[in-house]
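Read the structure below first, then the notes.
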Amino acid sequence: MAHTHKDRRRPTARRRQRPTARRRLRSETPSTVAVLAVPRDFAAMRRYTSFDFDDHATYLEQVEGLLRSLTAQGTYTSVALFDPVGFEEYCTELHLDPDTPASRTRYTAEIAAAGTKVPYEGQPLSRLLPRLVDDTEQHATWEYASALLQSGDCASCGEDIGRAAFARASKILRRLLEAVGTGTHHLVCSVPAEGQTPLIAVLPADCAEDGTLHMGEAAALVFCTVLAAGIATDRPGGVVMRSTTPGRPVTVRGWKLKDGGLRPLTEAEVFSAYCTDAETGEPVPPEHGVAYREGIRLDLD
């Protein structure tokens, strides 16, 4: 009887251990949650009957609850964007029914999780989603600008056009920051692209009094790639810089991309660019406390 009693207990002990081991494995398996960040994308998914949500705010609350739950289990979780257009194209290509949770899960695992992601570390979605959208847009900008740099070799000198343009763009950025000196600078590079929307790269940079420069590596890469694309394709882009230095007014300067370099805009041109509505062409009142200055001439030789 003692032998029989002992045999009965073994399966029970094993059954008790399995959930613990399974939970341990679950905590070591990373997770990606793909979220419909903007109302437009949420509205696009509502046409599927298997998508149970009818209110974007409620949906985001549930997503945030899921993220907190996964984190509480010890699961490393990242957040990606769910793109309804990309999802529909994915389902069409693989002949999947888009109106099923299984198709959405597969798209998240194979497409969304392979793209831009932001780690979830307990921050509210109101702070996480703007960063995710911005990172995703910047990555798409970098990909498009990189494609423009694939223009082959120069017919006269044999040099790789894209590589030479990127090297020049990097030099221009370095000269720009050296020229403006100490302060917190916000740079925007804009280059025309196909269609209505231009390629835009944003780069925040801090220059300390000792000359030390602080800027994000990824943002600097995107900025130089967009600028290089303008140089390589000879497109009429430009750069504007907004600088803040203690004890001085905020200063705005601008440059026009021309002949593989940056031509400084005059003070009047900078004022006109900032004080004109880009869509309507109507004048916009200048900002209080902002000084509009001509661009600094750069020595690129």
Side-chain angles (χ1 to χ4, degrees), residues 37-38 40-41 80-81 83 85-86 89 111 114-118 129-154 159-177 180 185-205 215-243 252-265 269-270 272-274 276-281 295 298 300:
V38 297
R40 180 186 65 253
D41 289 345
L81 288 182
D83 176 18
V85 175
E89 293 173 349
I111 304 300
T116 303
K117 300 187 293 293
V118 171
L129 291 182
R131 177 189 166 189
L132 176 60
V133 171
D134 183 63
D135 287 356
T136 302
E137 290 177 349
Q138 287 293 290
H139 183 74
T141 296
W142 174 79
E143 285 189 331
Y144 188 92
S146 296
L148 292 178
L149 292 179
Q150 308 301 316
S151 48
D153 298 337
C154 175
E159 187 175 18
D160 184 290
I161 295 174
R163 186 173 299 137
F166 188 86
R168 187 162 182 81
S170 300
K171 186 175 183 179
I172 288 173
L173 174 59
R174 193 164 56 249
R175 290 286 191 271
L176 270 175
L177 293 172
V180 295
H185 310 293
H186 184 86
L187 297 89
V188 178
C189 178
S190 176
V191 171
E194 303 298 331
Q196 298 288 328
T197 306
L199 288 174
I200 296 178
V202 178
L203 175 62
M215 58 183 172
E217 183 177 341
L221 174 62
V222 176
F223 185 92
C224 288
T225 305
V226 170
L227 182 56
I231 293 172
T233 58
D234 197 26
R235 300 190 181 196
V239 172
V240 293
M241 180 187 294
R242 186 184 183 95
S243 302
V252 174
R253 295 183 174 90
W255 295 261
K256 181 180 180 180
L257 184 56
K258 187 176 179 63
D259 299 328
L262 290 182
R263 179 185 72 77
L265 295 180
E269 287 174 324
V270 174
S272 176
Y274 260 81
T276 303
D277 188 289
E279 294 184 0
T280 65
L298 305 176
L300 299 175

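Remember, it's a predicted structure, so these values are computed and weren't measured experimentally.
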Spacing of [X] atom [atom1] and [Y] atom [atom2] [to the nearest 0.5 Å]:
{"X": "Leu149", "Y": "Ile161", "atom1": "CG", "atom2": "CD1", "value": "10.0 Å"}
{"X": "Cys189", "Y": "Trp255", "atom1": "SG", "atom2": "CH2", "value": "11.5 Å"}
{"X": "Ile111", "Y": "Leu81", "atom1": "CD1", "atom2": "CG", "value": "14.0 Å"}
{"X": "Leu148", "Y": "Thr225", "atom1": "CG", "atom2": "OG1", "value": "10.5 Å"}
{"X": "Lys117", "Y": "Leu132", "atom1": "NZ", "atom2": "CG", "value": "10.5 Å"}
{"X": "His185", "Y": "Leu203", "atom1": "NE2", "atom2": "CG", "value": "10.5 Å"}

Quick one: does [X]'s side chain get under 4.5 Å of [Y]'s, heavy atoms only?
{"X": "Met241", "Y": "Leu176", "result": "yes"}
{"X": "Leu199", "Y": "Trp142", "result": "no"}
{"X": "Val188", "Y": "Val239", "result": "no"}
{"X": "Val191", "Y": "Leu227", "result": "no"}

Can you list the steps and then say if Leu173 with Met215 is a side chain to side chain contact (heavy atoms under 4.5 Å, CB included)? CA-CA 12 Å; Leu173 174 59; Met215 58 183 172; 4.2 Å; yes
Could you work out, with side-chain hydrogen bond (donor to acceptor under 3.5 Å, both in side chains) as the rule, every residue matching His139, not counting sequence neighbours? Glu143
Sequence-distant partners of Arg174, side-chain hydrogen bond (donor to acceptor under 3.5 Å, both in side chains), two or more places apart: none
Which heavy atom of [X] sits nearest a heavy atom of [Y], and at what distance?
{"X": "Ala229", "Y": "Ala145", "result": "CB-O, 3.8 Å"}
{"X": "Leu257", "Y": "Arg235", "result": "CD2-O, 3.6 Å"}
{"X": "Ala169", "Y": "Cys224", "result": "CB-O, 3.4 Å"}

Consider side chain to side chain contact (heavy atoms under 4.5 Å, CB included). Of Ile172, Val226, Asp259, which one does Ile231 pass it with?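 Output: one option passes, namely Ile172.
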As a test of understanding, state which of Val202, Leu177, Val240 forms a side chain to side chain contact (heavy atoms under 4.5 Å, CB included) with Leu187. Leu177
Start with the C-alpha gap between Arg263 and Glu269, add the side-chain angles, then the distance that decides, and say whether salt bridge (Lys or Arg N to Asp or Glu O under 4.0 Å) holds. CA-CA 12 Å; Arg263 179 185 72 77; Glu269 287 174 324; 3.7 Å; yes
Side chain to side chain contact (heavy atoms under 4.5 Å, CB included) between Thr141 and Ile200: does it pass, once the steps are laid out? CA-CA 7 Å; Thr141 296; Ile200 296 178; over 6 Å; no
